[in-house]
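Just so it is clear, the model here is predicted, and its values are computed rather than measured. Computed over heavy atoms, backbone and side chain alike; hydrogens, waters and symmetry mates excluded. The sequence lines fix the lettering, A, B, ..., with proteins before strands; numbering per chain opens at 1.
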2 protein chains.
Amino acid sequence: MMKRLVILGSTGSIGTSTLDLVTRFPDRFGVVGLGAGENLDLLVPQIERFRPALVAVRDDEIAARLAARLGRMARQVEIVRAAAGMCRLATMADADMVVSAVVGAVGLEPTYAALAAGKQVALANKESMVMAGRLLNETARAAGGVLLPLDSEHSAIWQSLHGERRSAVRRLTLTASGGPFYHLAVAELARVTPAEACRHPRWRMGQKISIDSATLMNKALEIIEACRLFEEDPERIAAVIHPQSIVHSLVEFCDGAVIAHLARPDMRLPIAYALHYPERMELPFPRLDLVREGPLEFIAVDPERFPAIGLAHRALALGDAGTIALNAANEVAVERFIAGRLPFPAITGVVAAALDRVAAADCDTIAEALEIDRRVRVDLEENPPLGNAY
Amino acid sequence: MMKRLVILGSTGSIGTSTLDLVTRFPDRFGVVGLGAGENLDLLVPQIERFRPALVAVRDDEIAARLAARLGRMARQVEIVRAAAGMCRLATMADADMVVSAVVGAVGLEPTYAALAAGKQVALANKESMVMAGRLLNETARAAGGVLLPLDSEHSAIWQSLHGERRSAVRRLTLTASGGPFYHLAVAELARVTPAEACRHPRWRMGQKISIDSATLMNKALEIIEACRLFEEDPERIAAVIHPQSIVHSLVEFCDGAVIAHLARPDMRLPIAYALHYPERMELPFPRLDLVREGPLEFIAVDPERFPAIGLAHRALALGDAGTIALNAANEVAVERFIAGRLPFPAITGVVAAALDRVAAADCDTIAEALEIDRRVRVDLEENPPLGNAY
């Protein structure tokens, strides 16, 4: 039976990888809806090829440009816009599964809407779990929706836990490539440029996520996401630097056994696992050859060079308010870093300042979560932290 | 509920590790029977401590010496002897599980007897699977017996397969430490002494198994065992050298994902897994620290230095007769090597010669298997292979 997909974030790296799988397995997957921001050069050919019934874009202006570029085909596609449009996409009656792969806090509302509508949601948008993981779990449970991880690390943990008793878990360890700077002296980090930060050694990704990977804030967000996704105690979740990015994560059990998931770094593998769950698909990609990959190294995270991991645990101790603040402050700081207005080490400095200012709290509604997110951003604007460095 | 154990081979490394677990978890495990060869210095204190009702030793002479050393306690223990004694032990009505951990072909009959009696058998005696794996599987299925692997590699595969669909398996890869000689030039292997061959870098084991580990015949036997235990095609089973012995084996699935089992090299872990299956036990041993272990290396098996792996696949193609011949010829050759009558590289040479002489056949009975084993040994005696080297 063909699975009908809605893809939120179809022009990003997860979105295009998902569509690559749809192209390879046309009997198994079809596309009923696509959501993107503004990258029409990618979106238009996607629409021409996959013929979705519904397409969402960022705003009226992009929608008008899209309609013009689609020409006569615009009649066969309904174009919607902004958050409301994304939510309509996420709840399409025709959809069997929603791939939630937009970047940033904007992913929260459509992810929530999809789960509340009882959809299977394959989740790459970590911000929604970071901002409202508890609420999303409850919503899914109540409405019959299901959350499936798409991130390679969370998929690795999910696969390693398969068939195991959750009470036997002693620790989940997320691996981090360490980004381009794990070998730099701490003093050198102050001179790092945005272009250098985006040069990720193993994965080709968007700008924001590449910088998050260089600060290890990406791993901090993933620790929080793992905590919510697997409903696990924060103190049982750790990170280790593994520059080869072959071991995607490890689960240690109470008897000392460690089950690990290894694969070539290719996002299509975890995506295919989620899309086709609970069956594994026969995939035609190159096989992992451990002899050729060379030695697998594991390096402890230096808390001085990478304060992000400690910040994740601080944020978790503050509840939803803490994890929302971490994410919002990081988004603000990364933007300033990209604009050349903040040195690299100050990114985590801004996050630490935001955590200092937030009061512990949990959220009962998406509106509350969005309000905390808004207040953190406004506060950083009105009361700049870090003195002259900001 | 306490699990009552019979331990065949209680004075060997698996036997003593099993008894260590019994000592640590007296509420979970008890001992009703012990079987050993002749090591009374170890067996007598084991009897004094665990008070088994039945004890088997090699022959009448050892039995008499044991009775004398037990003194008054001999009245509380029934002492039996030889193969028939081991089989009585293996089928004790009181036993919930039989740990089959003797070394060599003598393990076959009691393992068969235990499975035919419907027992759970935790198997470390690889020779029984190598000689009659197919028959043991059928016997277990017919009588309600169960085979649980104890070897770290097979336990690792078993754990990695947990909860997975068998049709999704693409390859099982057994790791081999490579023994002490994997870095030697092929020419140097001819000068290797028995003492050097027994100096295993990672595991402390008996003499026979240490030499098997140096020739990689141990891995050849394990490939055959895996083939029988998991009823998998020989061409789907591979070996790779991994000198750190941290990754105990790997399972590759059809989607390219590889699930691996890692642990500190400690036989008590796989033993505890089998004894307490399907639950994992909380074990108090040191935790695996990948940062401290250093890089994990994977090296292809050089077929010139290690002909054993190729011989395993040749033997499997010859059916039961091939795998029996491989095991028997290896036992004969290792004895001659220990006695200083055969150079190290000739061990696999003898095995290759035995395979040249055997006709493909499968066995329907244990008697047939034992007869092939006997004929191979007689033939090597009467028609020495390798000319003057033998």
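- The OG atom of S167(A) lies 10.5 Å from the CD atom of E282(B); values are rounded to the nearest 0.5 Å.
- In this structure, no portion of A272(A) lies under 4.5 Å from any heavy atom of chain B.
- Between chain A and the residues A257(B), P278(B), A168(B), A156(B), the largest count of heavy-atom pairs under 4.5 Å involves A257(B).
- Between the CD atom of E293(B) and the CG atom of L296(A) there is a distance of 13.5 Å, given to the nearest 0.5 Å.
- Interface residue R171(A): only side-chain heavy atoms are found under 4.5 Å from chain B.
- Taking 4.5 Å as the limit, some side-chain heavy atom of I259(B) sits within range of a side-chain heavy atom of H261(A).
- Considering only heavy-atom pairs separated by less than 4.5 Å from chain B, the leading option among P286(A), S155(A), A260(A), A263(A) is A260(A).
- Contact count versus chain A (heavy atoms, under 4.5 Å) is highest, among H276(B), R292(B), E279(B), for E279(B).
- For chain B, the nearby part of I299(A) is the backbone; its heavy atoms alone come within less than 4.5 Å.
- For R165(A), the part sitting under 4.5 Å from any heavy atom of chain B is the side chain, from C-beta outward, and nothing else.
- Pairing each heavy atom of V240(A) with each of V291(B), the nearest pair is CG2-CG2, 3.8 Å.
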Kindly determine whether L250(B) and L288(A) satisfy side chain to side chain contact (heavy atoms under 4.5 Å, CB included), including the steps that lead there. CA-CA 11 Å; L250(B) 310 104; L288(A) 176 63; over 6 Å; no
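- Chain A forms more heavy-atom pairs under 4.5 Å with one residue of C254(B), G163(B), G256(B) than with any other, namely C254(B).
- In terms of non-hydrogen atom pairs under 4.5 Å with chain A, the most contact-rich of H242(B), H162(B), R268(B), Q159(B) is H162(B).
- Separation of atoms CG (D289(A)) and CD (E252(B)) is listed at 10.0 Å; rounding is to 0.5 Å.
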